[in-house]
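Start at 1 and go down the list; that is how both ligands and their atoms are numbered. Throughout, numbering of the chain's residues begins at 1 and tracks the sequence.
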Amino acid sequence: MTMNIRIPENVQYLIDTLESHGFEAYAVGGCVRDGLMGAVPKDWDICTPARPQQTARLFAAHPMHNAGIQHGTVSVILDHQPYEITTYRVDGGYSDHRRPDAVSFVGSLREDLSRRDFTVNAMAYHPRRGLVDPFGGEADLRAKIIRCVGDADGRFREDALRVMRALRFAATLGFSIEPGTSEAIFRNQDLLRSIAAERIAAELSRLLTGDGVQAVLLDYAPVLGVVIPEINAMTGFEQNNRYHHLDVWRHTAAAVAAAAGRGPDDTVLRLAVLLHDIAKPSCYTETDGVGRFHGHQKAGAVMAGDILRRLRYDNRTVRAVTRLVLYHDAPIPSGGKGVKRWLNRLGEDLFRLLLEVKKADVQAHAPWCRAELLAELGRASDTLEEVMAQRQCFQLKDLAVNGRDLIALGVPEGAAIGGVLGQLMELVLDERLENERESLLEAARRVYARDGEGF
Ligand code: ATP
Ligand code: MG
């Protein structure tokens with residue numbers, strides 16, 4: 001493990017400025033954790049005994065965000081990037097297992113570190129004085145352990161979001177959760193009900209994209225079952241058919257892990273894979289000991305929509321995920337015609353995601369059937385790349401004629417335009433017609449003469 005954290009110039013400047021005015025200052029929290037692991041921190045937080053107003057005065061020459069000032073935080077913008085400078089503080093009482101009733105500023109770094117959630121997040125670093133680590137965070141980092149600072153039950157009762165944060169850090173860092181902390185998670189899991197849905201969703205999204213997600217899904221299914229109760233029916237639900245060697249939840253966890261971040265939107269992809277078989281338990285039927293899940297795609301799309309709306313995901317995410325769940329089992333012919341039909345239906349981004357969902361799903365199928373299914377999906381991917389590279393036509397806006405061209409031909413404005421364009425699109429998708437202006441115009445005349453009255 002690298003012991004020396006490389007402090008960026010801007011952070012050095014902020015620390016130096018505070019210290020030359022008599023306020024000690026440290027980098028703190030996630031950036032110290034990431035820096036010690038040799039990773040590049042995505043943002044830098046600084047803590048200091050200077051009061052927010054004093055900090056604001058010192059950096060008055062720079063743009064600033066003061067939205068967090070009640071909680072002691074001033075964001076100074078340097079080179080378009082915000083740096084959060086927070087006054088040493090402890091949180092007041094937590095009467096409702098969520099936000100503190102008040103914060104109070106304190107004099108010592110150690111007290112500030114003691115309010116932080118996990119030991120690996122409770123370290124500070126100073127360019128000259130080095131690491132301040134009163135709770136053994138560095139040792140836990142080396143051992144890859146998430147452990148609460150102080151009494152775990154008390155910390156989860158103060159702020160139940162920490163239950164989800166523990167799972168999120170375990171998944172994203174690939175760490176295990178220390179046994180005492182883990183037991184406290186299960187004891188306090190129900191407190192998650194008091195946490196705002198959007199805050200849970202933010203942690204869930206990050207958890208799902210972590211490399212260590214599979215172990216977390218398997219080990220903490222009952223905790224996730226508090227957030228998404230539909231999951232409880234999946235755990236241990238045997239599939240009883242030769243395509244599956246895992247129960248529904250184990251299959252799901254393996255598929256989520258297989259959904260490598262290759263799609264254009266990793267959160268949508270991971271959520272879709274998490275929920276793709278959500279309706280299997282409620283759609284199960286058995287004939288001669290063989291299990292089937294007729295209709296689980298459609299039912300699953302409805303359930304996924306309910307779940308994601310409950311968790312306050314944005315409409316774009318809800319729509320994309322529900323469509324992916326709906327189509328996750330649909331056959332995709334790997335030839336040009338088939339691929340272009342799907343492109344026409346879903347658009348490029350969502351179709352790419354559908355292929356990734358299907359690949360992830362297949363990788364969690366019984367080993368004997370994986371290779372053939374994956375090869376077929378690989379061929380569809382190759383065809384997709386070809387269609388895109390050759391700029392083949394698969395949507396109305398790619399057609400070599402448009403509404404104005406049809407009006408010029410004498411097609412009346414209104415429904416007839418859309419009707420004729422739709423039929424031209426069908427002919428092109430079916431590869432019965434080239435996407436070429438003259439032949440399209442000729443076909444348009446024919447189509448309008450034949451069906452014009454009907455539109
Ligand atoms: P990342 O930014 O990579 O998600 P991070 O550790 O910086 O990781 P943040 O949510 O940005 O996480 O929080 C910054 C720091 O504030 C944490 O490292 C931790 O010390 C503290 N912290 C954040 N949320 C809580 C909480 N709910 N309870 C206690 N401490 C917290
Ligand atoms: Mg952070």
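Each of the atoms 29 (C), 30 (N) of ligand 1 lies under 4.0 Å from some heavy atom of Arg115. Near Gly30, with a cut-off below 4.0 Å to any heavy atom, the atoms of ligand 1 are 5 (P), 6 (O), 7 (O), 18 (O). The contact set between ligand 1 and Gly29, taken as ligand atoms under 4.0 Å from a residue heavy atom, comprises 18 (O).
Ring planes of Phe293 and Tyr284: tilted class, angle from 30 to 60°.
Taking any N or O of Arg33, backbone or side chain, at least one lies under 3.5 Å from an N or O belonging to ligand 1.
Distances from atom 13 (O) of ligand 1 to the heavy atoms of Arg162, Arg116, Arg206, Arg165 show the closest one on Arg165. Heavy-atom proximity to atom 30 (N) of ligand 1, evaluated over Leu161, Val149, Asp117, is greatest for Asp117.
Under 4.0 angstrom from ligand 1, there are no non-hydrogen atoms of Trp44. Contact annotation: for Arg168 versus ligand 1, heavy atoms closer than 4.0 Å belong to the side chain alone.
Between Phe169 and ligand 1 there is a heavy-atom distance shorter than 4.0 Å. Note on ligand 1: Asp159 sits in its first shell, one or more heavy atoms being nearer than 4.0 Å. A heavy-atom separation below 4.0 Å is not found between Glu158 and ligand 1.
Under the side-chain contact (heavy atoms from CB on, under 4.5 Å) criterion, Asn10 pairs with Leu78, Asp79, Tyr83, sequence neighbours left out. Under the side-chain contact (heavy atoms from CB on, under 4.5 Å) criterion, Ala124 pairs with Tyr26, Val28, Leu109, Leu113, Val132, not counting sequence neighbours.
His251 and Asp361 are linked by a side-chain donor-acceptor pair at a separation below 3.5 angstrom, with hydrogens and angles left out of the test. Side-chain contact of Thr86 with Thr73: a donor-acceptor pair under 3.5 Å is present, judged by distance alone.
Within the 3.5 Å criterion, the main-chain N or O of Leu246 finds a donor-acceptor partner in the side chain of Gln239. Ser182 contributes no side-chain N or O that, together with a main-chain N or O of Pro179, makes up a donor-acceptor pair within less than 3.5 Å.
Counting all heavy atoms, side chain and backbone alike, Thr181 lies closest to Cys148 at OG1-N, 3.1 Å.
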